Amino acid sequence: MSIAAPSSPYQAVINSEGTSLRHRPQATSSRQTPLPSLVPSQKPCQYLKARGANILQKLLAMATCSSHSKSMVVKMKEELSRMLPLTDTSTPSDSSPSSTSLPLSLLSCSTCQGHMIKPVCLPCGHSHCLSCTQRMADTQKQTITCSRCQEAHPRVPMGFESSRQPTFILQTVLFKHCPAEMSLCCEERERGNQFAQSNNFETALVHYNRALQTGFADHRVYSNMSRAYLALGSTEEALLNAEHCCILHPYWPKGHYRRGRAHSEMKKHKEATSAYLLSLYLGGGELQCVCQALDNLLSANKYSTADTQVLMESILSLTVQSFKEYNRLASSRPPVSLPLGDNGVDIGEFDCVLCAGLLFQPVTVPCGHSFCRDCLARLFDHSPYCPVCRASLGEMFIQHTQSSGQMCIDVTLESIIQHLFSTLYEEKKSVFVAERIRLSKIGITEDEPLPIFVCTMTFPAMTCPLHIFEPKYRLMMRRCIETNSRRFGMCTPLDRECNTYVDYGTVLFISSLEYTPDGRSLVTTVGERRFRVIERSTRDGYAVARIQFLSDEVDPDQESLDALQVEVYEHCNKWLQALPLFTRLMILQAMTTCPPNINDPPTSHDGPLWVWWFVNAMPVTVRSKLEFLQCTSLRERLRLLKEILPLPS
Amino acid sequence: MAGLPKRILKETQRLLTDPVQGINATPDEQNARYFHVVVAGPKDSPFEGGTFKLELFLPEEYPMAPPKVRFMTKIYHPNIDKLGRICLDILKDKWSPALQIRTVLLSIQALLSAPNPDDPLANDVADAWKTNEHLAIQTGEESFLYMYFIFTSLLYFTRFCLLFNNFS
């Protein structure tokens, strides 16, 4: 049973459109549990890819670059964005939906841009290979920075492997449908990488060659081979492999970076600059490499100021030309797809455990299980543990309570489901959108069943603070906020167990809502119109009712009514003034709205507001207050008010 | 009643088309959230040969909240009381929304073969069970007598249950 909390200082700010809540954390008692400190997202220019390389060394290299070359690089990069607009980076647009094959590009890792090996989904919704995620981890700050959105996620301190598991569904798809040569190629590459890490490049190359012999063309193998050859000093081979890599995947910055490394080893500074520049432009983030290569180029041949302009243009044209050439070669290759067999995949594999339907807006939790976003939010009303493996989902739970249920969708999984079951997913989407539109009208029209909060009695224009902790009411509040209707009905219970409720109530508007770290919420509401319940039912555990709005009847004798109003208003004020000082102060403190003036404009449906203020304040049972709520004649309400409030003797 | 969630429809369908061995669950004609369940006593247990009636109700908040299950047939079991209420962790705090009607009923069937006297609901039964089992381990004529006592009492109860079933 939720109870009305006393007036609280919790404030949330509604933005100008009134569409969403921006929570202002305040030093209140509800925030006693400290939140884990999230590292603020770094600026992209400060962000250095710490792929095992020494950051300090890179910073030193950055400092040695002349500011002249740096400004040149920035200028060239700007020029490049004009000459080479990037329309498409990884996913080809021609992936027409089909159920018999799955384009490999849908399974590509955001970091290495090859198909994912042990795909891991970060809380931002982007998936990477497990090994790529490990490389993105910053052990000092205990964070993992997503290479796609640059968002830093806290690492769970107990260790990486145990805290984040590969996405189960994707693992299953890869395991079932991965062709033998593809998995063999990956295995050999992994083995090669292990040798390369211990600087045993000869053995690594043997494994890389085996990987190529499988017949599956993986750009990552060529890139790794290029690195190994470079380490062994055979620059020609390194360049050849790097170029192969670029042909296979021209949009991958790392490939161009490898090409740049090979070129600069061969002292071809112009080509190196061009390759590095392309890598930088595609999002590689190796600014210092470009600057250094440019510096080398400038120091090798003395250029005058006029010449640098010419030089810049020639570098640019070289870059554009090479990129177009790689693209041309790449486009001649057919896109690779995973064959799924004649029957396609089993749709049951893509079912949400909680609703037993096809996953809609899938969210993948750190233990690798995926659920619909709405289902997961409903689960969090009950417990913060994974239903499948009972792992703690604290990380997602914090995201859920901080952003009012908007956890990030697993982008990869969603696009795969969209590809495989396009009609079903579109159908679900349109149903979802239509429902949202329908529910957003709750409390404004009588057509939609109104959710009913069975708790206390409220009146028009009166504020009512609430403390929400029951799962069913958490769900109700979240739906109110998400659908942006922000309205629900409040009725008094008829029995102690709150199983049934009275026939009359008030629509409440949520003016502010603040979540506590454990998922409860503190809500401030304001009364709107009164209604009568016509038909009762339930939805997902909470009560809903078809309602009819109540409106005051038009009184035939307006003049005598006005006179009565003045008379009763004075009567009520006398009553208030006659109360003992302490009682009066208590009433004024408890009632969050000020005592109204008789001259306040009356509402069209519920009459003058001061009447409701006195009804709310007067010391009588809820049952007698109900008479006011259901009364549609102002004259009758005034008469009752005068009757009930005792005159000072 | 608002439309039945897809999950309940799917589960009901699967229970009817692909029933678990020894378990029969049929939804009530009036209320699709109420199930009439008949569980056969598991093999190699004191309840073998008996059939036990249960009722299962899916609350509004299912699957977030566990189903409510109760034995309708009287049963002599340390974790089931006279009113048929069951003491089983997955029906209480260990409930997970990934569990289903089918898995719950399987767990109950397993509870019949492996009672848990350390977490009893019917204290008298659990005490009897514990002392008897303890004595049963002892060698000698005395323990044989105890074993005889357990088996005859259980046989008596199963027969009683069968009779009860036939009449009801």
Side-chain angles (χ1 to χ4, degrees), chain A residues 168 347-348 351-360 365 367 369-372 374-393 424 427-428 431 435 448-449 451-452 470-476 478 499 519 535-546, chain B residues 1-20 23 25-28 30-35 56-69 85 88-108 110 116 119:
Chain A
F168 187 74
I347 191 164
D351 274 355
C352 170
V353 179
L354 301 174
C355 66
L358 181 66
L359 280 167
F360 180 69
V365 294
C367 55
H369 301 108
S370 309
F371 310 99
C372 306
D374 277 5
C375 295
L376 193 60
R378 279 193 69 184
L379 173 80
F380 282 158
D381 293 339
H382 292 261
S383 79
Y385 296 100
C386 174
V388 182
C389 65
R390 296 187 200 274
S392 169
L393 303 179
L424 194 59
E427 213 171 278
K428 278 203 145 194
V431 167
E435 170 123 335
E448 274 310 305
I452 303 289
E470 263 185 286
K472 57 179 177 181
Y473 290 128
R474 287 187 192 188
L475 173 67
M476 189 204 272
R478 197 172 52 249
N499 290 327
E535 197 184 316
R536 286 151 218 253
S537 55
T538 51
R539 177 189 295 154
D540 301 323
Y542 59 79
V544 290
R546 257 190 346 107
Chain B
M1 177 177 291
L4 216 56
K6 191 180 176 187
R7 168 159 168 167
I8 298 182
L9 290 174
K10 265 196 170 176
E11 280 195 49
T12 312
Q13 206 176 11
R14 195 162 162 226
L15 278 172
L16 295 175
T17 54
D18 174 25
V20 196
I23 296 173
T26 39
D28 191 82
Q30 256 93 56
N31 186 351
R33 284 176 177 272
Y34 186 91
F35 288 77
L56 184 145
F57 179 70
L58 304 175
E60 224 10 80
E61 281 170 318
Y62 179 83
M64 299 308 164
K68 294 180 165 46
V69 197
R85 293 177 296 191
L88 185 61
D89 56 354
I90 60 152
L91 291 176
K92 308 227 157 53
D93 55 329
K94 288 279 159 35
W95 167 253
S96 153
L99 295 169
Q100 303 178 356
I101 303 174
R102 156 188 300 267
T103 43
V104 163
L105 293 178
L106 274 170
S107 303
I108 290 172
N116 180 10
D119 184 20

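A quick note: this is a predicted structure, and the numbers were derived from the prediction, not measured. All values below come from the heavy atoms of this structure, side chains included, with hydrogens, waters and symmetry mates left out. Within every chain, numbering begins at 1; the chains are lettered A, B, ... in the order of the sequence lines, protein sequences first and strands thereafter.
- Annotation: maximal heavy-atom pairing with chain B below 4.5 Å, among A:Pro387, A:Cys386, A:Pro471, occurs at A:Pro387.
- Under the 3.5 Å distance criterion, with hydrogens and angles disregarded, no donor-acceptor pair is assigned to the side chains of A:Tyr542 and B:Glu61.
- For a residue to count as touching a neighbouring chain, one of its non-hydrogen atoms must lie under 4.5 Å from one of that chain's; by this rule A:Asp351 touches chain B with the side chain only.
- Checking B:Asp93, B:Leu91, B:Leu99 one by one against B:Trp95, the side chain to side chain contact (heavy atoms under 4.5 Å, CB included) holds for a single residue, B:Leu99.
- Using a 4.5 Å cut-off on side-chain heavy atoms (C-beta onward), A:Cys372 and A:Leu354 make no contact.
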Worked check of side-chain contact (heavy atoms from CB on, under 4.5 Å) between A:Phe371 and A:Val365: CA-CA 8 Å; A:Phe371 310 99; A:Val365 294; 3.9 Å; yes
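- Interface remark: B:Pro63 contributes side-chain atoms only to the contact with chain A (heavy atom separation under 4.5 Å).
- Heavy-atom pairs under 4.5 Å with chain B peak, among A:Arg390, A:Lys472, A:His369, at A:Arg390.
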